[in-house]
Undergrad: 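Sending over a structure as structure tokens; questions will come in a sec.
Convention: sequence-line order gives letters A, B, ...; per-chain numbering from 1. Below, all heavy atoms of this structure are taken into account, side chains as well, without hydrogens, waters or symmetry copies.
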2 protein chains.
Amino acid sequence: MRELKVDLGERSYPIYIGEGILDGLAATLAKHGIGVKSPLLVVTDENVAKHYLTKVTELLEADGYRVANAVVAPGEKSKSLSVMEEIITVALEAGLDRNSAVIALGGGVVGDLAGFVAASYMRGVRFVQIPTTILAHDSSVGGKVAVNHRLAKNVIGAFHQPEFVLYDIATLKSLPDRVVREGLSELVKEGFIMDREFVEWCDANASRLLALDSAALEHALYIGCGVKAKVVSADEKEGGLRAVLNLGHTIGHALEAVAGYDELHHGEAIAIGMVGAALLSAKLGNPPSIAEETERILRQFGLPVRIPAHFDTDAIMSAMMHDKKFKEGKMVFIVPTAIGQVEINPNVPSEWVREIVDRLKGEA
Amino acid sequence: MRELKVDLGERSYPIYIGEGILDGLAATLAKHGIGVKSPLLVVTDENVAKHYLTKVTELLEADGYRVANAVVAPGEKSKSLSVMEEIITVALEAGLDRNSAVIALGGGVVGDLAGFVAASYMRGVRFVQIPTTILAHDSSVGGKVAVNHRLAKNVIGAFHQPEFVLYDIATLKSLPDRVVREGLSELVKEGFIMDREFVEWCDANASRLLALDSAALEHALYIGCGVKAKVVSADEKEGGLRAVLNLGHTIGHALEAVAGYDELHHGEAIAIGMVGAALLSAKLGNPPSIAEETERILRQFGLPVRIPAHFDTDAIMSAMMHDKKFKEGKMVFIVPTAIGQVEINPNVPSEWVREIVDRLKGEA
């Protein structure tokens, strides 16, 4: 097992990464001062519940914990105030008090939702993250928790750091292939931001990662979480630096907003967005090789690197303009200046972005 | 105008108290770095809107601010996740961004609701409190914001400190008599907690306060807010000391829970609760004169000091046991040990409490 520290002063916490470490959950809770006196609440979704809810409940109860659970429908739709209210009903009926903890068992949706419940229940109770997807390495580190509003994603939330993150590699083995690929997209993104060596390692080890090799996954999650932890430590409340984590997300979010149901997963949209950011970089005067390399590496992971031709450019642009990352009308872009290095460019003309969107649609 | 500082390190903020200071709102916003670039949202209720919404909107617009507003129904029912969601719809449609501020214009309900919106919108935007009741002196200082769940009050919330609190004495002049009295109940409570001199001053100046004399109100709010600020500064996240603010609230909240519609206002329930806490104090061996003094002073303000005879003792006890202030089944009481001095007693037997409740019902 590897351990990584997210350094946030009083709110510092460790990320544990290893195969089979879920078996030690009760001991890890106890080590972090979460005792058996107050009930726990496990929040998960229907898919994850099938595989792990019984196991988690039984191993906690074996150690004397009382465990309530809230199982939500999979997908973004569960990130709502009304689902949150239902979970709080469960928490109240189970008698959760200020010494209780909320455990997120699942991917990013579950983590965001359970985290906002933990942040808000009785004005904040302790929170534990057990991510069960590769993609969730990103959302489970950093304390950003939220639910959606029908007009905007993640617009109702908080910063609420977990007590610890427990990443059991074994839980990733049952992931569908497409979910593995999109997770690797966000993982290699951490390298594109600030770790050229990691990008090269991912490039050389793509087949091991795609085959869910334990040692490769453990290494990649350790490095990927490490990049995220480093950025978050330097900028807990998203004042500036943290924006670099949004590489590929400006175009990516817009694509998700206009995509039809199940047409484009988050990690897939981000992959296309990263290619877009690299093309924008070339237009800003950086070497075109950055875009070529970015595209080649993402293709290795079987990720899409072009916008489906039927997507409407106006709709994509419009979705981007509504994104909350645009301060007072200006377009802010995270742009690679080399492989493993990015800059925050706050003055990107929207016509250039439109041109890139069109190019991403035009070529095969 | 008087100014009081709530000392919370980086999150410190001032409370401005004075007659007519609402006229300087725009300048005060500017002084606190809240500029005209991003729209503001004023949250208020129908009663307060009638008196002040047009005025506030006009004086802000005159200084170049764009102002959206959300007017909710008066009363606790508006403190819900669904009303919160509607307010966030208004915020999104008005284009509020991370540099925007939410202004609570009203009493405790508006402050709690608007504050939780501010705490959660885009994971936290700036917040300004303009309390328009005497009672709100308590809720507007300290950063506790929340909405209710159908099973429990204030159970979904956050700690979110305002940029400043602007207390315009002039807005109190239109308050109904009963609302004045219940506000004075919570105000004299600040004295009972830790300021004997202030209790004596309130005792001597009861008629001036009831007549809404400006100088008397300004002084009383300055001292009352000062006590609250002192306690909150020492214990921002309610670790221990802050509990003293709940003098009278343990029984008070239970009475509110079992009271019929409009039968008992918050400040009235707290008055009865303070007498109850003082009777409990006598039972614990403290001088019975504390209870006699407490009762005499509260009667001066025309406040109830007995539980209406038709209230059911079992229902009151049951409501108390469900209160979130009871950690793992034990009954915690804030008990006066003298006028202007309290202790936190975590081991009060519930039979004693029941006996006091019965006594409060029995006598006239």
Undergrad: What part of B/I88 lies closer than 4.5 angstrom to a heavy atom of chain A: side chain, backbone, both or neither?
TA: both

Undergrad: Measuring from A/L81:CG to B/I156:CD1, what's the distance to the nearest 0.5 Å?
TA: 9.0 Å

Undergrad: What heavy-atom pair brings A/A158 and B/R123 nearest, and what distance separates the two atoms?
TA: O-CD, 3.3 Å

Undergrad: Once rounded to the nearest 0.5 Å, what's the spacing between atom CE of B/M122 and atom NE2 of A/H149?
TA: 11.0 Å

Undergrad: Who are the salt bridge (Lys or Arg N to Asp or Glu O under 4.0 Å) partners of B/K189, not counting sequence neighbours?
TA: B/D138, B/E186

Undergrad: Sequence neighbours left out, what passes side chain to side chain contact (heavy atoms under 4.5 Å, CB included) with B/A234? Give chain and number order.
TA: B/L241

Undergrad: Give, as side chain, backbone, both or neither, the part of B/V145 having an atom under 4.5 angstrom from any heavy atom of chain A.
TA: backbone

Undergrad: With a 4.5 angstrom heavy-atom cut-off, could you sort out which part of A/S80 is near chain B: side chain, backbone, both or neither?
TA: neither

